[in-house]
Amino acid sequence: MREAMADITEAPEWTALAEHQAALAGRNLRELFAGDPGRVERMTVTAGDLCLDYSKHRATEETLRLLVALAERAGLRDRIAAMFSGEHINVSEDRAVLHTALRLPPGEALTVDGQDVAADVHAVLDEMSRFAERVRSGEWTGFSGKPITTVVNIGIGGSDLGPAMAYEALHDYADAGISCRFVSNIDPADILGKLAGLDAEQTLFVISSKTFGTLETLTNAKVARQWLIDALGDAKAVSRHFVAVSTNAERVAEFGIDTDNMFGFWDWVGGRYSFDGAIGLSLMIAIGGEGFREMLAGFRAIDEHFRTAPFEANMPVLMGLLGVWYTDFFGAQTRAVLPYSQRLARFPAYLQQLTMESNGKSVRADGAPVVAQTGEIFWGEPGTNGQHAFYQLLHQGTRLVPADFIGFAEPFEDRAGMHDLLTANLLAQTSALAFGKTADEIAAEGTPAAVVPHKVMPGNRPTSTILVPKLTPKTLGELVALYEHIVFVEGTIWGIDSFDQWGVELGKVMAQDLAPALTSEEPPTDAPDASTAALVRRYRELRGRRV
Ligand SMILES: O=P(O)(O)OC[C@H]1O[C@](O)(CO)[C@@H](O)[C@@H]1O
């Protein structure tokens, strides 16, 4: 039986925040800015290369003081120390949570549960680098002796979203002429689409699965293996074209991949926290070991900042606390993440797993029901596409949607001043969201009275703006670590275990149970409920099977 946790909503700090919210609710951002010339300077914080302006939040100095007090009450300081030192803070699985060890600098020691974790991490990184270099230089060839030109990562969830997002973000740094594709869905359209046009002789498959037991990944991997054998006419080709990333050597061997060509990690790395380790192999092959290590340096810079900066100047702490502020004191349900970079198109999808699989929980770490709302719903699209789709609701809808805007000063390429226009749009949006336009201002422009209410821009809509010099391996690492730690801060306040994901298991088991009923030519037997039974019959009818 775990020790019962205190109810955070009963803490005086929570009550103080609730009272403060009531007092602040009637004040808008125009007022908060007008009465406070030092606001922007005070509400700007840097961490590594990231600069966050959080002045456009419905918060004052007092809000931040109270939020920081809440963090202290929740024991955030000790929790951070516990995570970094390898305590088993993933209580439901009795595991350490050590993704931060994946980016420890060479030479720094960390022993956890009697294991030299730092040495293990660097041994795998070195193996990955050696292998990546062999592929990149053409020394590692396919079965027929030709160099590899395409890497296909097969994985799902954390074994896909991280490397897929990072490859798209960093493909300009792919300097060895090797491109990557990512297959995840069990829908055959995914793998068939990604295999189309590939030259089997020059394709390397990286089968990425922490457990090596995931239905989607193993099924796709089998399809890929058959495709390769059909194309090259020899099953012996598999060993030159398949490598694995996993914690489970036994299953890798069972699948038929030589464990000499397996890159390992450990149960103290959660899937959604893993692409800065071996799960990033495809990315490393594309951008090289050096680029990958630059990315790790970015992660590390934010780890250090998170671990050491005072809460008042700590970017992940401030952003996490503001997440709690809107979720629990304003009733906000969602948070938009709006990168003004086409290269970060997959960043919101990546964050969805990172944040929602981590903090979408209704019980606390001690097994008792949560006492507050948890788990922001993350969503977003790159700017400016979102502006022409859903920003209408952000500006004039009835819901409060706090948003993170992410912009980059230096482009990779530019035509006709497009990059400055992109940035101008980011700045315009955050300003319009914050300060809006009043009925008087609209009427003064000569707008007919009947139209004025439709054009009123209420403003007072909170945003963070993160400005980054350039999208590089390092700054991508910084951005990802920032959100990893935001998740941690929120999870700590809510008292939940942010590192398990039991909620995904039931559906997986039920799908396995249902599959025979769909595929058999015999009449269907049991289904779990009447609706599902009827849908099974309908599906079989449509598929021309006996009902
Ligand atoms: O890497 P694996 O073991 O194939 O798991 C893939 C994904 O499946 C999940 O368990 C969710 O279903 C994720 O947490 C994980 O990232």
Side-chain angles (χ1 to χ4, degrees), residues 89-93 95-99 102 124 128 152-167 182-187 190-191 205-225 242-255 257 259 262-283 346-361 375 378 480 483-484 487-488 491 496-515:
I89 61 168
N90 176 355
V91 288
S92 78
E93 297 177 305
R95 288 176 181 170
V97 173
L98 273 174
H99 45 278
L102 295 175
V124 171
M128 287 168 66
V152 179
N153 182 80
I154 299 182
I156 195 163
S159 300
D160 164 71
L161 287 161
M165 175 280 291
Y167 174 72
F182 295 85
V183 174
S184 53
N185 201 335
I186 196 141
D187 183 339
D190 194 8
I191 183 139
F205 293 94
V206 178
I207 314 301
S208 297
S209 174
K210 181 173 171 180
T211 55
F212 230 77
T214 303
L215 176 72
E216 290 88 339
T217 301
L218 295 187
T219 310
N220 276 317
K222 281 179 198 152
V223 171
R225 183 171 57 189
F242 276 73
V243 299
V245 178
S246 185
T247 57
N248 196 325
E250 217 171 288
R251 286 190 183 155
V252 167
E254 250 169 57
F255 182 86
I257 296 178
T259 48
M262 167 184 151
F263 302 87
F265 58 119
W266 309 271
D267 66 7
W268 41 259
V269 186
R272 52 192 177 274
Y273 296 88
S274 65
F275 87 85
D276 46 332
I279 290 291
L281 181 65
S282 49
L283 175 70
R346 293 294 284 161
F347 195 54
Y350 167 75
L351 288 185
Q352 282 177 334
Q353 188 200 13
L354 178 67
T355 63
M356 289 156 75
E357 197 165 80
S358 296
N359 282 345
K361 312 280 166 67
F378 270 71
V480 172
Y483 281 91
E484 286 179 347
V487 167
F488 185 78
I496 59 187
D497 181 343
S498 301
F499 303 101
D500 60 12
Q501 59 283 321
W502 296 105
V504 300
E505 294 308 322
L506 178 61
K508 289 186 197 171
V509 173
M510 289 175 72
Q512 297 272 19
D513 290 349
L514 275 164

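This one's a predicted model, so the numbers in the text were calculated from it and none came from an experiment. Both counts, for ligands and for their atoms, begin at 1 and track the order of listing.
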among protein heavy atoms, the one nearest atom 3 (O) of ligand 1 is Thr211 OG1, 2.6 Å

Report yes if some N/O of Ser208 lies less than 3.5 Å from some N/O of ligand 1; otherwise report no. no

Q. Is there a nitrogen or oxygen of Phe212 sitting under 3.5 Å from a nitrogen or oxygen of ligand 1?
A. no

Between the CD1 atom in Ile207 and the OG1 atom in Thr214, the distance rounded to the nearest 0.5 Å is 12.0 Å

Ligand 1 to Thr214, heavy atom cutoff 4.0 Å, flagged ligand atoms 2 (P), 3 (O), 4 (O), 5 (O)

In this structure, CH2 of Trp502 is separated from CG of Asp497 (nearest 0.5 Å) by 10.0 Å

- Answer yes or no for Gln353: is there a heavy-atom contact with ligand 1 below 4.0 Å? yes

task = On the 0 to 90° scale, with breaks at 30° and 60°, tag the Phe499-Phe488 ring pair as parallel, tilted or perpendicular.
result = tilted

For Gly158, the atoms of ligand 1 under 4.0 Å from one of its heavy atoms are 15 (C), 16 (O)

Q: Mark the output for Lys508 as yes if a heavy-atom distance to ligand 1 is under 4.0 Å, and as no if none is.
A: yes

query = For Arg346, does the CZ atom have more than 12 heavy-atom neighbours from other residues, nucleotides or ligands under 6.0 Å away?
reply = no

Among Gly155, Ser274, Ser159, closest by heavy atom to atom 1 (O) of ligand 1 is Ser159

**Asked** Does any N/O atom on Lys210 come nearer than 3.5 Å to any N/O atom on ligand 1?
**Response** yes

- Task: Report yes or no: does Asn220 contribute a side-chain atom to a donor-acceptor pair with the main-chain N or O of Glu216 at less than 3.5 Å?
- Result: yes

Numbered in order shown, the ligand 1 atoms found under 4.0 Å of a heavy atom of Val504 are 11 (C), 12 (O)

Practice task
Using the six-membered ring wherever Trp is involved, compare the ring planes of Tyr483 and Phe378 and label them parallel, tilted or perpendicular (cut-offs 30° and 60°).
Solution key: perpendicular

Open item on the list: Tell me whether the count of non-hydrogen atoms from other residues, nucleotides or ligands lying under 6.0 Å of CD in Glu250 goes above 12.
Closed with: no

Task: Donor-acceptor under 3.5 Å (Lys361 side chain, Asp500 main chain) - done: yes

**Message:** Can you confirm, on distance only, whether ligand 1 has an N/O atom lying under 3.5 Å from any N/O atom belonging to Glu357?
**Reply:** yes

A student checking ligand 1 against Gln501 at a 4.0 Å heavy-atom cut-off should list atoms 14 (O)

Verdict with supporting geometry, Glu505 and Lys508, salt bridge (Lys or Arg N to Asp or Glu O under 4.0 Å): CA-CA 5 Å; Glu505 294 308 322; Lys508 289 186 197 171; 3.4 Å; yes

Nearest non-hydrogen protein atom to atom 6 (C) of ligand 1, with distance, is Ile156 O, 3.2 Å

